[in-house]
Amino acid sequence: MRGLARAGKRASEMAFNAGGGAVNWFPGHMAAASRAIRDRLKLADLVLEVRDARIPLSSANEDLQPVLASKRRILALNKKDLANPNIMNRWLHHFESCKQDCISINAHSTSSVSQLLGLVEFKLKEAISKEPTLLVMVVGVPNVGKSALINSIHRIVTSHFPVQDKNKRATVGPLPGVTQDIAGYKISSQPSIYVLDTPGVLVPSIPDMETGLKLALTGAVKDSVVGEERIAKYLLSLLNIRKTPLHWERLVYRREQFNEDAFNSNEKDYRDSPRRRRRPNNSDALYVQDMVMEVQRTLCSTFMDFADNTEDENELESLIDSQLVALRKVFRIPHKPFDETHGPASKKLLTLFRSGKLGPFILDDLPDNQ
């Protein structure tokens, strides 16, 4: 794990990050929300701290940690479908060894959120016998899926418990900072349990460049603050340093073999069918799948053809530039004379990563003792 930690540090300190400074994104609504959250935390019977499963440490709001440490708290590592499941189990063990209740979830999965609600009920069991009204507060940095979780909780509990008032669902959006007010939702009448959804709040300044880039890569910081090309280069540096393209070589080969066998089988079924049914139109899915394979194949071939040392920052940056040039062809981005930027290719690469098309990843490294 130390090797990966050093790799991540090298990636964040490469030349293309020079002059970037601290990542700052603290709009006025965040300052007001941060104060309001601190005030309401005093009243909360339980805090659900939602973090991104791909960055279990980097997605923590460090300013709130001293307050949260004194509360009943459950860490919900959301977007587990985008995280490496084997490494995720080790993270769960890490938090368990730290005496911290933790569960990995997919906020869009009913069964996953139901498991979380079971843990919430267990944690509130003692308080339920003493208090007629309980408050559960959901906190986290932007774009970790708090509002999606709130909506799933609302949908599940209204199908099981009578709720007197019809509640509006939380607004969900793909951009960080969609929720800008603190809103309460009644999820149970007996006992009365309210869930507070809060805006995503970052610390006023993120002095650690690596943490800032991880937050940007997973969408917690707006791309316009850091720059899509800068974020994409950080992603490629991590992939190359961790030698991920070599793993893709085997995946691409197996996938090509499977697709060829499946195509031959489908063609035979189609020819042998007495009525020759019309082929299903799944061109969009195939297009995305083919593009992902081509991206992985391109990154793999450029990595294997690279004869220099990825330990050297300048040489690694040279590899990354050549990969972005190659990806422009994969994404069919027209070449413009005297244009050496990689904005469009960077945007498409980030979209594939954030949607999980490139595979499941966990960017944070486990502490050395794990």
Here the pair of heavy atoms bringing Ile105 nearest to Ser112 is CA-OG, 3.1 Å
Sorted by chain and number, sequence neighbours left out, salt bridge (Lys or Arg N to Asp or Glu O under 4.0 Å) with Glu131 holds for none
What I'd like to find out is whether the side chain of Leu68 reaches to under 4.5 Å of the side chain of Leu41, using heavy atoms alone. yes
Do any N or O atoms from the side chain of Arg328 and from the backbone of Ile333 form a donor-acceptor pair under 3.5 angstrom? no
Within-4.5 Å side-chain heavy-atom neighbours: Leu213 and Val221: no
Does the side chain of Glu249 come within less than 4.5 Å of Pro245's, by heavy atoms? no
Take Asp364 and Ser58, measure what side-chain hydrogen bond (donor to acceptor under 3.5 Å, both in side chains) needs, and give me the verdict at the end. CA-CA 7 Å; Asp364 280 342; Ser58 297; 2.7 Å; yes
Step-by-step side-chain contact (heavy atoms from CB on, under 4.5 Å) determination, Leu124 to Val136: CA-CA 9 Å; Leu124 286 177; Val136 177; 3.9 Å; yes
From Lys243 NZ over to Cys300 SG, what is the distance, rounded to the nearest 0.5 angstrom? 13.0 Å
Pairwise distance CG(Leu363) to CG(Leu235) - rounded to 0.5 angstrom: 8.0 Å
Heavy-atom donor-acceptor pair, Lys80 side chain to Ala107 backbone, under 3.5 Å: no
Please round to the nearest 0.5 Å and tell me the distance separating atom CG of Leu316 and atom CZ of Phe306. 7.0 Å
Go through the steps for Gln65 and Glu49 under the test side-chain contact (heavy atoms from CB on, under 4.5 Å), then give the verdict. CA-CA 10 Å; Gln65 293 308 305; Glu49 184 186 359; 2.9 Å; yes
If you compare all heavy atoms of Val295 against all heavy atoms of Leu327, which two are closest, and at what distance to 0.1 Å? CG1-CD2, 4.0 Å
Would a single hydrophobic cluster contain both Val288 and Leu349, if residues Ile, Leu, Val, Met, Phe, Trp and Tyr are joined by side-chain heavy-atom contacts under 4.5 Å? yes
Parallel, tilted or perpendicular, as decided by the 30° and 60° cut-offs, for the rings of Phe361 and Trp248: perpendicular
In Å, rounded to the nearest 0.5 Å, how long is the span from CZ of Arg38 to CG of Leu64? 5.5 Å
Tell me the closest heavy-atom pair linking Leu319 and Thr310, and the distance in Å. CD2-CG2, 4.2 Å
Residues Thr302 and Ala326: closest non-hydrogen pair is CG2-CB, 4.3 Å
Do Glu228 side-chain atoms and Ser224 backbone N/O form a donor-acceptor pair below 3.5 Å? no
Can you list the steps and then say if Ser301 with Met304 is a side-chain contact (heavy atoms from CB on, under 4.5 Å)? CA-CA 5 Å; Ser301 61; Met304 295 180 69; 5.9 Å; no
So if you build clusters from Ile, Leu, Val, Met, Phe, Trp, Tyr with side-chain heavy-atom gaps below 4.5 Å, do Leu92 and Ile87 land together? yes
Under 3.5 Å: donor-acceptor pair, side chain of Arg51, backbone of Leu57: no
Answer whether the closest heavy-atom distance between the side chains of Leu324 and Lys233 falls below 4.5 Å. yes
Give the C-alpha distance, both sets of side-chain angles, the deciding distance and a yes or no for side-chain contact (heavy atoms from CB on, under 4.5 Å) between Gln296 and Val292. CA-CA 6 Å; Gln296 292 176 332; Val292 170; 3.9 Å; yes
Grouping I, L, V, M, F, W and Y whenever their side-chain heavy atoms are under 4.5 Å apart, do Val225 and Phe353 come out in a common cluster? yes
In this structure, CG of Leu299 is separated from OG of Ser322 (nearest 0.5 Å) by 9.5 Å
Honestly curious: do Phe303 and Val325 fall in one hydrophobic cluster under the side-chain, below-4.5 Å linking rule? no
Could you check whether any side-chain heavy atom of Pro56 comes within less than 4.5 Å of a side-chain heavy atom of Phe95, counting everything from C-beta outward? yes
Can Leu238 be reached from Val226 by stepping across I, L, V, M, F, W or Y side chains whose heavy atoms are under 4.5 Å apart? yes
Shortest non-hydrogen contact between Phe331 and Ala345, atoms and distance: CE1-O, 3.6 Å
How long is the straight-line distance from CG of Leu48 back to NZ of Lys146, given to the nearest 0.5 Å? 12.0 Å
Counting only heavy atoms not in Lys71, do more than 12 fall under 6.0 Å of its NZ? yes
Counting only heavy atoms from other residues, nucleotides and ligands, does the tally under 6.0 Å from CD of Glu126 exceed 12? no
Considering all heavy atoms of both residues, which atom of Arg54 and which atom of Lys79 are nearest to each other, and what is their separation? NH2-CD, 3.8 Å
Just so I know, are the side chains of His154 and Val195 near enough to count as touching, which here means a heavy-atom distance under 4.5 Å? no
What I want to find out is whether Asp365 reaches Arg242 closely enough, with some N-O distance under 4.0 Å, to be called a salt bridge. yes
Please check this pair: side chain of Asn61 against backbone of Gly140, looking for a donor-acceptor N/O pair closer than 3.5 Å. no
Could you check whether any side-chain heavy atom of Leu134 comes within less than 4.5 Å of a side-chain heavy atom of Leu46, counting everything from C-beta outward? no
Under 4.5 Å between any side-chain heavy atoms of Leu149 and Asn78, yes or no? no
Looking only at atom types and distance, does a side-chain atom of Ser318 sit under 3.5 Å from a main-chain N or O of Asn314, one as donor and one as acceptor? no
With a cut-off of 6.0 Å (strictly less than), are more than 12 heavy atoms of other residues, nucleotides or ligands near CD of Glu121? no
Starting from the C-alpha separation in whole Å, work towards a yes-or-no answer on side-chain hydrogen bond (donor to acceptor under 3.5 Å, both in side chains) for Asn106 and Ser109. CA-CA 5 Å; Asn106 176 353; Ser109 165; 5.3 Å; no
Would you say the side-chain atoms of Glu229 pair up with the backbone N or O of His342, donor to acceptor, closer than 3.5 Å? yes
